[in-house]
S.K.: 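One structure coming up, written as structure tokens, with questions to follow.
Just so it is clear, the values below take in all heavy atoms, side chains as well, and ignore hydrogens, waters and symmetry mates. Ligands are counted one by one from 1 in listed order, and the atoms in each one are counted from 1 as well.
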Amino acid sequence: MNDKSISFLVDLLKKSRFTVALTGAGISKASGIPPFRGEDGIWNKYDPMLLDLNYFFQHPLESWKFMAQTFFSFLDDSKPNPAHIALAGLEEENFLQAIITQNIDCLHQAAGSCNVLEYHGGLDYLKCIGCGDRNIFEKKVLSKLPPVCSKCGDILKPDIVFFSENISRKILQKIADFLPRTELVLVIGTSAEVYPASLIPVEAKRAGARIVEINLRETTLTNQISDVFIRGKAEFVLPDVLRKLKK
Ligand code: NAD
């Protein structure tokens, strides 16, 4: 069943003049980073409120403790896995024009992908909630939580999008610019439950793109928005697709 879908995807990739990948936490699972939902999901252990912007303003220490125990603890050892590497290979071979990632782990860039839009920001930068100063994350800031700005003394926040926080207008504009000419969207390892990222495949479909989903399990997009659903681990499916394209 998957063999047929994979051959179909290979065909679509060959024909498409503008292909975009939308990735989610599932693509980084093989790099040792747990997703939010599902088996081993972070929300099985923690309250999602810890990543709410208003909660962060009122309880920065609690929110920072959560981030130090989760995101920052596994970032150290995580490396791109075969799925990230295959997407970088697809870009290099000109089969993929952009990646929109909901992930904050910077693993697409580490794998060598160049055109990466971080929809929810990245953990590699911290921003001061007072003066707006933005600096590269350094591990030493975790020694005293919550970390504070060396310029104004206010609290530093990872430069990622919290719940109830807006997506960067620059990112939204870039996506709006290329969505109308997108012919194929690969939706990889995302539950498509986080709004407004979940609208990207819907809008792309409306503009005429084909949608191919790669996931372990069906999502709200499957059978409604997706033209093809490939059930499987991204770290196996994507290298297979790249191999077949290069044949
Ligand atoms: P999610 O946790 O809601 O869903 C993960 C999805 O990945 C599920 O549908 C699951 O079935 C699928 N999946 C799991 N393993 C897979 C594999 N090996 N191959 C293919 N699919 C697999 O994740 P989401 O949809 O990205 O949304 C939640 C938010 O989580 C995002 O906004 C992101 O910012 C944040 N997040 C990011 C990271 C990260 O940066 N790595 C980690 C946790 C959460």
S.K.: Nearest 0.5 Å, what's the CH2-CG distance between Trp64 and Leu145?
M.R.: 7.0 Å
S.K.: Among protein heavy atoms, which sits nearest to atom 23 (O) of ligand 1, and what does the distance come to when rounded to 0.1 Å?
M.R.: Ala25 CB, 3.5 Å
S.K.: Salt-bridge test for Asp11 and Lys14: reply yes if a basic N is under 4.0 Å from a carboxylate O, no otherwise.
M.R.: no
S.K.: Heavy atoms only, cut-off 4.0 Å: how does Glu193 contact ligand 1, side chain, backbone, both, or neither?
M.R.: neither
S.K.: Which of the atoms of ligand 1 are close to Gly24, meaning less than 4.0 Å from one of its heavy atoms?
M.R.: 26 (O)
S.K.: Closer than 4.0 Å to some heavy atom of Ser191 - which atoms of ligand 1 meet that?
M.R.: 1 (P), 3 (O), 4 (O), 6 (C), 9 (O), 25 (O)
S.K.: Of the protein's non-hydrogen atoms, which lies at the shortest distance from atom 39 (C) of ligand 1, and what is that distance?
M.R.: Asp105 OD2, 3.4 Å
S.K.: Enumerate the atoms of ligand 1 whose separation from the nearest heavy atom of Ser28 is less than 4.0 angstrom.
M.R.: 41 (N)
S.K.: If you measure every N/O of Pro35 against every N/O of ligand 1, is any gap under 3.5 Å?
M.R.: no
S.K.: Give a yes or no on whether Lys244 atom NZ has more than 12 heavy-atom contacts from other residues, nucleotides or ligands under 6.0 Å away.
M.R.: yes
S.K.: Is there a heavy atom in Ser31 that sits closer than 4.0 Å to ligand 1?
M.R.: no
S.K.: Drop me the distance from Arg231's CZ to Thr222's OG1, to the nearest 0.5 angstrom.
M.R.: 8.0 Å
S.K.: For Arg217, take its heavy atoms, then give the atoms of ligand 1 lying under 4.0 Å from any of them.
M.R.: 10 (C), 11 (O)
S.K.: Counting from 1, what ligand 1 atoms have a heavy atom of Gly232 closer than 4.0 Å?
M.R.: 19 (N), 20 (C)
S.K.: Parallel, tilted or perpendicular: which describes the rings of Phe36 and Phe71, with under 30° parallel and over 60° perpendicular?
M.R.: tilted
S.K.: Could you identify the single nearest non-hydrogen protein atom to atom 21 (N) of ligand 1 and state the distance to 0.1 Å?
M.R.: Gly189 CA, 3.4 Å
S.K.: Of all the atoms in ligand 1, which lie at a distance below 4.0 Å from a heavy atom belonging to Ile33?
M.R.: 41 (N), 42 (C)
S.K.: Would you kindly confirm whether Leu61 and Leu156 end up in one hydrophobic cluster when ILVMFWY residues are joined by side chain heavy atoms under 4.5 Å apart?
M.R.: yes
S.K.: Only one of Lys174, Arg181, Gln173 clears side-chain hydrogen bond (donor to acceptor under 3.5 Å, both in side chains) with Asp177; which?
M.R.: Gln173
S.K.: Quick one: pull up CD1 in Ile188 and CG in Leu238 and give me the separation to the nearest 0.5 Å.
M.R.: 4.5 Å
S.K.: Which residue and atom name correspond to the protein heavy atom nearest atom 37 (C) of ligand 1, and how close is it?
M.R.: Asn103 OD1, 3.7 Å
S.K.: Around atom 19 (N) of ligand 1, find the nearest protein heavy atom and jot down its residue, atom name and distance.
M.R.: Ala234 N, 2.9 Å
S.K.: Strictly distance-based, threshold 3.5 Å: is any side-chain N or O of Thr219 a donor or acceptor partner for the main-chain N or O of Leu221?
M.R.: yes
S.K.: Of all the atoms in ligand 1, which lie at a distance below 4.0 Å from a heavy atom belonging to Val194?
M.R.: 27 (O), 28 (C)
S.K.: Could you work out, for atom 12 (C) of ligand 1, the closest of Leu238, Leu75, Asp40, Asn215 by heavy-atom distance?
M.R.: Asn215
S.K.: After noting the C-alpha distance and the side-chain angles of Cys106 and Glu118, does the key distance pass the side chain to side chain contact (heavy atoms under 4.5 Å, CB included) rule?
M.R.: CA-CA 8 Å; Cys106 313; Glu118 291 180 310; 3.8 Å; yes
S.K.: Around atom 17 (C) of ligand 1, find the nearest protein heavy atom and jot down its residue, atom name and distance.
M.R.: Gly26 O, 3.4 Å
S.K.: Backbone N or O of Asn54 within a donor-acceptor pair of the Asp52 side chain at under 3.5 Å?
M.R.: yes
S.K.: How long is the straight-line distance from CD1 of Ile171 back to NE2 of His120, given to the nearest 0.5 Å?
M.R.: 10.5 Å
S.K.: Please could you name the atoms of ligand 1 that Pro34 approaches to less than 4.0 Å, counting only its heavy atoms?
M.R.: 42 (C), 43 (C)
S.K.: Is the backbone N or O of Ile27 less than 3.5 Å from a side-chain atom of Asn81, with the two atoms forming a donor-acceptor pair by type?
M.R.: yes
S.K.: Quick check: are there more than 12 heavy atoms from other residues, nucleotides or ligands sitting under 6.0 Å from CD of Glu193?
M.R.: yes
S.K.: Any non-hydrogen atom of His120 lying under 4.0 Å from ligand 1?
M.R.: yes
S.K.: Heavy-atom contact under 4.0 Å between Ala197 and ligand 1?
M.R.: no
S.K.: So is Lys29 polar-close to ligand 1, meaning N/O to N/O under 3.5 Å?
M.R.: no
S.K.: For atom 40 (O) of ligand 1, what is the closest protein heavy atom, and at what distance to 0.1 Å?
M.R.: Ile104 N, 2.8 Å
S.K.: May I ask you to identify the nearest protein heavy atom to atom 25 (O) of ligand 1, giving residue, atom name and distance to one decimal place in Å?
M.R.: Thr190 OG1, 2.6 Å
